[in-house]
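What follows is a set of notes on a single structure, which appears directly below.
From a predicted model like this one, the values you see are computed outputs, not experimental measurements.
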Amino acid sequence: MTTAQQHSQMRPIGWRVAIPTIVVLIGITIAAYWETASSIVLIWMRSETFTHGFLVPPIAGWLIWRQRAQLARIRPTPHFWVLLLVAGAAIAWLLGDLAAVNAVTQLSFVAMMVLLVPALLGLAVTRAIIFPLAFLFFAVPIGEFAMPQLMVWTADFTVAALRLTGIPVYREGLQFVIPSGNWSVVEACSGVRYLIASVTVGTLFAYLNYQSTHRRLLFIGVSILVPVLANWLRAYIIVMLGHFSGNKLATGADHLVYGWLFFGVVIMVMFMVGARWSEAEETKTSDEQLSVVGTQREAAPAKYFFVALCFGILVCLPQTRLLTMKKPPVGFAAELKELRPKEPEWQAARPEGLEFKPAFQNPSAQSNSAFSSGGRQVGLYIGFYQDQDANRKLVSTSNALVEGAASSWVVVKSAQNALALSGKNETLRTTELREQSGGSGLAGSRLEVWQIYWISGTLTSSDYAAKVYSAFYRLLGQGDDSAVIVVYTKKDAGSGSQDVLRRFLDDHYPQIDANLSALKRQN
């Protein structure tokens, strides 16, 4: 009898039931969460930051295939208790969908796919392929939340390095001026693309080249630290190239080209150094490879089918809940009522000198108006969101006061400010904006901007709290009606701008709240 025949006879019969069952369940999960799965793929297609996602599933499949000899020695055994974790992932997906948080729904979707392995095949199988299963989470397009902090760190390092070099620097927020010209740290300078690419490839490199856990973790840590430091150094070098070349080098398209070339060299060196401490994979004798792991008896086919049935029910329950919550469209478009100024203190005005509009995308309704009192003007922007989904939602990375480098306004600084509204103390975001040269003709003018979210009548300045409130009210059947309220005025040297904004909200917030509440509808 040949070795292959012996191997076939010793393979646990449970695999013959488990493999087709797990394939069917994967198909059911993808079908039940088709919108989530397709949203992941669409982000892979349109964002260069996450294009690597196309490679993650094939790589994970190849890594599992490498373990086929070890897997063949393991008796798959279903575990009912893992279904509790599946239920938790399903609930997390539902909450993420109610709050329109793509990261939560996508992570929960992948988690359900991964938990299918311990639920149906058991912990021994899971331990054998734990890394390929964990590697699947790199397919989730997440990580851009770190962009604002990375931009601040890049600006901090670049300015500090320039000053150490002896170049005088004047800085405001993410913009700084040196004798040869003006510079700004924008999204592309954050280095988040370098970081995500480095961590993904570095984690795979560590798994394939090291056997000890501490070496793997150490190299993963290096793959996180190196791209961050390299991006700081890249930004400094680009500014220096522009400075010494009279802004002829590293200021146009070659700005990004130089960045990627520098990053490529740094990462190549990192892998070359890491390869010096690679560890050879342990080899096993043929007898060890053919021995069957585990002493438990084969699970009955009925046990697989029962776990599979429970898994299918759990992953489909959130969809059933959403169907019961949704109602046919009511057939009208949301329309905000015009705010009536509190006379005689306030009058409606033309927005002279207040040509500013926050960059909130695709609202259900919006208004941008101006009011005057005692020679001071106040602008009011309201963006109202209803029936939120992946394309229309209040809290999103695409929604901000200014629309990146394309805006004629730049953020100088941000803070928090406590204010009493309708008898309650609320915290607002306060932001100082400066108009860039070549803007609306008022170069150098500044705005004092206050912002707060309105979530079905509840006020908050936190993105996370806004998402939680939105999901909570939807679960209660009160809908996801939400809005952003932004008031702004010209900033002065004293506290006059803050005083006029505070007085405007004191006089008009009850009417703003009533106008927004009139648009609410039960879901």
Shortest non-hydrogen contact from S462 toward R429: C-NH2, 4.3 Å
Is the side chain of S198 donor-acceptor paired with the backbone N or O of S223 at a distance under 3.5 Å, no angle test? yes
Taking the six-membered ring for Trp, are W450 and Y488 closer than 6.0 Å centroid to centroid? no
Give a yes or no answer on whether the side chain of N368 reaches the backbone of F356 with a donor-acceptor pair at less than 3.5 Å. yes
Main-chain N/O of T200 paired with H52 side-chain donor or acceptor, under 3.5 Å: no
Between Y33 and A90 the two heavy atoms that sit nearest each other are OH-CB, 4.4 Å
Heavy-atom nearest pair, H508 first then R340, reads CD2-O, 3.9 Å
Main-chain N/O of D387 paired to D480 side chain as donor or acceptor, under 3.5 Å: yes
Worked check of ring-ring contact (aromatic ring centres under 6.0 Å, His included) between F371 and W346: CA-CA 6 Å; F371 305 88; W346 295 91; 7.5 Å; no
Would you say S517's side chain and A514's backbone share a donor-acceptor pair under 3.5 angstrom? no
Donor-acceptor pair, T458 side chain versus W454 backbone, under 3.5 Å? no
Short N-O contact, R376 and D499, less than 4.0 angstrom: no
Could you go through the ring-ring contact (aromatic ring centres under 6.0 Å, His included) check for F472 and Y469 one step at a time? CA-CA 5 Å; F472 176 72; Y469 283 131; 7.6 Å; no
Are Y473 and S482 close enough that a side-chain donor and a side-chain acceptor fall under 3.5 Å? no
Option among L428, V378, V500 that satisfies the side-chain contact (heavy atoms from CB on, under 4.5 Å) test with L505: L428
Which residues satisfy the ring-ring contact (aromatic ring centres under 6.0 Å, His included) test with F157, sequence neighbours excluded? W232
Short question: side chain of K490, backbone of S497 - any donor-acceptor pair under 3.5 Å? no
Do any N or O atoms from the side chain of S470 and from the backbone of A466 form a donor-acceptor pair under 3.5 angstrom? no
Just by distance, with hydrogens left out, do R193 and T49 show a side-chain donor and acceptor under 3.5 Å apart? yes
Partners meeting side-chain contact (heavy atoms from CB on, under 4.5 Å) with A146 (sequence neighbours left out): L150
Less than 6.0 angstrom separating the ring centers of F176 and Y170, yes or no? no
Flag, side chain of Q319 to backbone of A32, donor-acceptor distance under 3.5 Å: yes
Looking at P141 and W44, what are the two nearest heavy atoms and their distance? CD-NE1, 4.4 Å
For a quick check under 3.5 Å, do Y453 and D463 share a side-chain donor-acceptor pair by atom type? yes
Is E144 reaching over with its side chain to a backbone N or O of V192, donor-acceptor style, under 3.5 angstrom? no
What pair of heavy atoms forms the shortest contact from I196 to G143, and how long is it? CD1-CA, 4.2 Å
Do T427 and N417 have side-chain atoms, one donor and one acceptor, less than 3.5 Å apart? no
